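In this text the structure is predicted, and so the values were computed from the model without any measurement. Residue numbers start from 1 in every chain, and the chains themselves are labelled A, B, ... in the order their sequence lines are given, proteins ahead of strands. Hydrogens, waters and symmetry mates play no part in the numbers below; they use all other heavy atoms, side chains included.
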Protein chains: 2
Amino acid sequence: MTAETGSRARQRERTRRALLREGRRLFAEHGYAGVGLSGIVAAADVTKGALYHHFEGKPDLFRAVLEEVQGEVADAVAAAADARRDPWDQLTAGCRAFLTASTAPDVRRIMLVDGPAVLGWSTWRSLDEAGSARHLREALTGLVRAGVLRPQPVPPLAHLLSGAMNEAALWLAGSGDPGDLDDVWAAFSGMLESLRSP
Amino acid sequence: MTAETGSRARQRERTRRALLREGRRLFAEHGYAGVGLSGIVAAADVTKGALYHHFEGKPDLFRAVLEEVQGEVADAVAAAADARRDPWDQLTAGCRAFLTASTAPDVRRIMLVDGPAVLGWSTWRSLDEAGSARHLREALTGLVRAGVLRPQPVPPLAHLLSGAMNEAALWLAGSGDPGDLDDVWAAFSGMLESLRSP
DNA sequence: TACTTCACATACCAACGGTATGTGAAAGGC
DNA sequence: GCCTTTCACATACCGTTGGTATGTGAAGTA
């Protein structure tokens with residue numbers, strides 16, 4: 001190139017970032033199947049050679065994007081939970097943070113709709129477990145051990161609650177009525193409440 | 001052909017059935033993206049011309065397969081519910097039937113994993129609403145009107161419960177332990193129980 | 001300076017979804 | 001009976017896609 005763009009490592013990181021950024025934008029806008037590698041590399045102003053130098057292929061690029069998205073959601077959940085001291089408040093705050101974060105269009109499309117189909121459900125689940133699902137499971141485990149929740153197996157509970165929130169987020173993202181969030185939260189918090197020890 | 005294969009309408013129906021059958025089998029086994037039209041038409045012993053004569057394209061074939069699968073699940077749910085007289089028993093029996101039916105591999109892959117990604121979530125939801133989701137919503141509405149459930153908006157509740165069952169079915173299909181079904185059902189029926197009027 | 005490494009760019013390929021056109025048997029009218 | 005139309009496909013073909021193999025020039029290294 002004409003101008004020096006920094007050291008080799010810096011340029012490498014720039015290219016990788018550009019691919020992730022444009023990939024995320026296009027995947028979120030048109031869906032995984034609706035965007036081709038040519039569109040991604042053109043938007044990132046590189047060639048397919050660069051993409052295949054950084055990633056193993058289209059599914060691998062998508063996986064990297066998904067990990068980034070799930071990481072952000074997990075951070076939001078953790079931040080909301082850490083702002084509370086009471087373990088029960090941490091659970092409810094984390095769930096509420098997950099619900100609002102997952103309603104964002106790119107999260108919805110990449111994480112909830114295309115994710116399982118592109119990577120397969122088991123792979124998607126392991127990524128989810130590495131992200132926000134781990135927070136949920138750990139919070140539930142802690143509450144059961146502390147006696148706040150009735151003694152019961154945690155994994156089934158975590159899956160039921162996770163699935164309920166995922167579907168709720170998908171529905172909320174499509175329903176313009178902002179009052180729906182309150183209704184969903186009322187119903188969901190009622191479910192959580194029913195799990196408490198008497 | 002050498003042997004007469006019946007009237008024109010009969011042959012048409014045979015070809016359509018063969019495409020749906022092989023499409024369903026291959027979509028369930030390899031996923032939507034993992035199977036090509038050439039594989040489907042070869043398995044059905046026809047050509048691509050036949051496929052495009054009966055369907056508008058690959059997504060339309062998948063939609064027809066999905067409608068068939070969802071119809072079977074809806075029938076199983078309706079049959080389980082109709083076998084009970086008490087409305088509350090109808091709800092629980094229907095949910096349990098959905099949970100067991102959705103654990104089947106082809107239902108899981110076609111309806112729960114690939115469905116939303118291939119057809120888009122809103123289209124998938126409208127198909128779901130035409131299938132088993134309608135039974136759930138109507139059962140909940142009836143129970144709220146009858147005062148069995150506490151007065152509350154039904155749509156959010158239906159989505160939460162539907163999402164919980166979907167995720168539970170996906171998890172159960174992957175977890176070999178048959179005891180998990182009991183645990184899931186215990187947790188889920190506890191959720192349902194918490195919705196009753198005091 | 002000579003050599004090696006690396007971060008891409010270029011050129012190319014098989015396979016895929018989709019389309020346009022051809023074809024021969026069944027249905028319908030006389 | 002025969003002619004015409006319709007229909008249920010089959011055949012041949014095309015543009016695009018994800019993926020690969022190879023080339024290249026600047027950045028690092030001795």
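Looking at residues 51-63 of chain B, you'll see Tyr52(B), Gly57(B), Lys58(B) sit with a heavy atom under 4.0 Å from some atom of DNA chain C. If you check residues 15-23 of chain A against DNA chain C, the residues with a heavy atom closer than 4.0 Å are Thr15(A), listed by number. A heavy atom lying under 4.0 Å from DNA chain D marks none of the residues of residues 26-36 of chain B. Within residues 43-50 of chain A, the residues approaching DNA chain C are Val46(A), Thr47(A), Gly49(A), Ala50(A), by heavy-atom distance under 4.0 Å.
Taking CG of Leu20(B) as the reference point, atom OG1 of Thr15(B) lies at 11.0 Å (rounded to 0.5 Å). Remark: Glu68(B) CD to Met111(B) CE distance equals 13.5 Å, nearest 0.5 Å.
Two residues are said to be in side-chain contact when any heavy atoms from C-beta on lie closer than 4.5 Å; Arg8(A) and Gln11(A) fail this criterion. The shortest distance between side-chain heavy atoms of Val118(B) and Trp124(B) does not fall below 4.5 Å. With contacts defined as side-chain heavy-atom distances shorter than 4.5 Å, the pair Arg137(A)/Glu129(A) qualifies. You'll find the side chain of Trp88(B) reaches within 4.5 Å of the side chain of Leu149(B), heavy atoms only. Side-chain contact between Leu195(B) and Met191(B) is absent, with no heavy atoms from C-beta onward closer than 4.5 Å. With contacts defined as side-chain heavy-atom distances shorter than 4.5 Å, the pair Leu51(A)/Val46(A) does not qualify.
Neither OP1 nor OP2 of dA27(D) sits under 4.0 Å from any side-chain N or O of Gln11(A).
Rounded to 10°, the helix from dT1(C)-dA30(D) to dC30(C)-dG1(D) has 0° between the axis fitted to its first five pairs and the one fitted to its last five.
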In residues 71-83 of chain A, what donor-acceptor pairs under 3.5 Å come from side-chain atoms, sequence neighbours left out?
{"unit_1": "Glu72(A)", "atom_1": "OE1", "unit_2": "Arg24(A)", "atom_2": "NH2", "d": "3.0"}
{"unit_1": "Glu72(A)", "atom_1": "OE2", "unit_2": "Arg24(A)", "atom_2": "NH1", "d": "2.9"}

Could you give the side-chain donor-acceptor pairs of residues 174-187 of chain A under 3.5 Å, partners two or more places apart or in another chain?
{"unit_1": "Ser175(A)", "atom_1": "OG", "unit_2": "Asp180(A)", "atom_2": "OD2", "d": "2.3"}
{"unit_1": "Asp177(A)", "atom_1": "OD1", "unit_2": "Gly179(A)", "atom_2": "N", "d": "2.9"}

Could you pull out every donor-acceptor pair under 3.5 Å between side chains of residues 53-63 of chain B and any protein atom, sequence neighbours left out?
{"unit_1": "Lys58(B)", "atom_1": "NZ", "unit_2": "Tyr32(B)", "atom_2": "O", "d": "2.9"}
{"unit_1": "Lys58(B)", "atom_1": "NZ", "unit_2": "Val35(B)", "atom_2": "O", "d": "3.0"}
{"unit_1": "Asp60(B)", "atom_1": "OD2", "unit_2": "Glu56(B)", "atom_2": "N", "d": "3.1"}

Output a table of donor-acceptor pairs, distance under 3.5 Å, between side-chain atoms of residues 151-171 of chain A and any protein atom two or more places apart or on a different chain; print 'none' if there are none.
{"unit_1": "Gln152(A)", "atom_1": "NE2", "unit_2": "Arg150(A)", "atom_2": "O", "d": "3.2"}
{"unit_1": "His159(A)", "atom_1": "ND1", "unit_2": "Glu167(B)", "atom_2": "OE2", "d": "3.2"}
{"unit_1": "His159(A)", "atom_1": "NE2", "unit_2": "Trp171(B)", "atom_2": "NE1", "d": "3.3"}
{"unit_1": "Glu167(A)", "atom_1": "OE2", "unit_2": "Arg125(B)", "atom_2": "NE", "d": "3.4"}
{"unit_1": "Glu167(A)", "atom_1": "OE2", "unit_2": "Arg125(B)", "atom_2": "NH2", "d": "2.9"}
{"unit_1": "Glu167(A)", "atom_1": "OE2", "unit_2": "His159(B)", "atom_2": "ND1", "d": "3.2"}
{"unit_1": "Trp171(A)", "atom_1": "NE1", "unit_2": "His159(B)", "atom_2": "NE2", "d": "3.3"}

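Following rounding to the nearest Å, Ile40(A) (CD1) and dT17(D) (P) show an atom-to-atom distance of 11 Å. In this structure, Leu37(A) atom CG and dG18(D) atom P are separated by 4 Å, rounded to whole Å.
Qualifying ring-ring contact (aromatic ring centres under 6.0 Å, His included) partners for Tyr52(A), counting only residues two or more places apart in sequence or in other chains: none.
Residue pairs satisfying the salt bridge (Lys or Arg N to Asp or Glu O under 4.0 Å) criterion with at least one member in residues 108-122 of chain A, sequence neighbours excluded, are listed as follows: Arg109(A)-Asp114(A).
Counting all heavy atoms, side chain and backbone alike, Glu22(A) lies closest to Ile40(A) at CB-O, 4.3 Å. Here the closest heavy-atom approach between residue Val107(A) and residue Ser102(A) is recorded as CG1-CA, 3.7 Å.
Checked for salt-bridge contact, Arg10(A) and Glu13(A) miss the test: no charged N lies under 4.0 Å from a carboxylate O.
Judged by distance alone, the side chain of Ser132(B) and the main-chain N or O of Asp128(B) form no donor-acceptor pair under 3.5 Å.
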Nucleotide N/O to protein N/O under 3.5 Å, stretch nucleotides 23-25 of chain D:
none

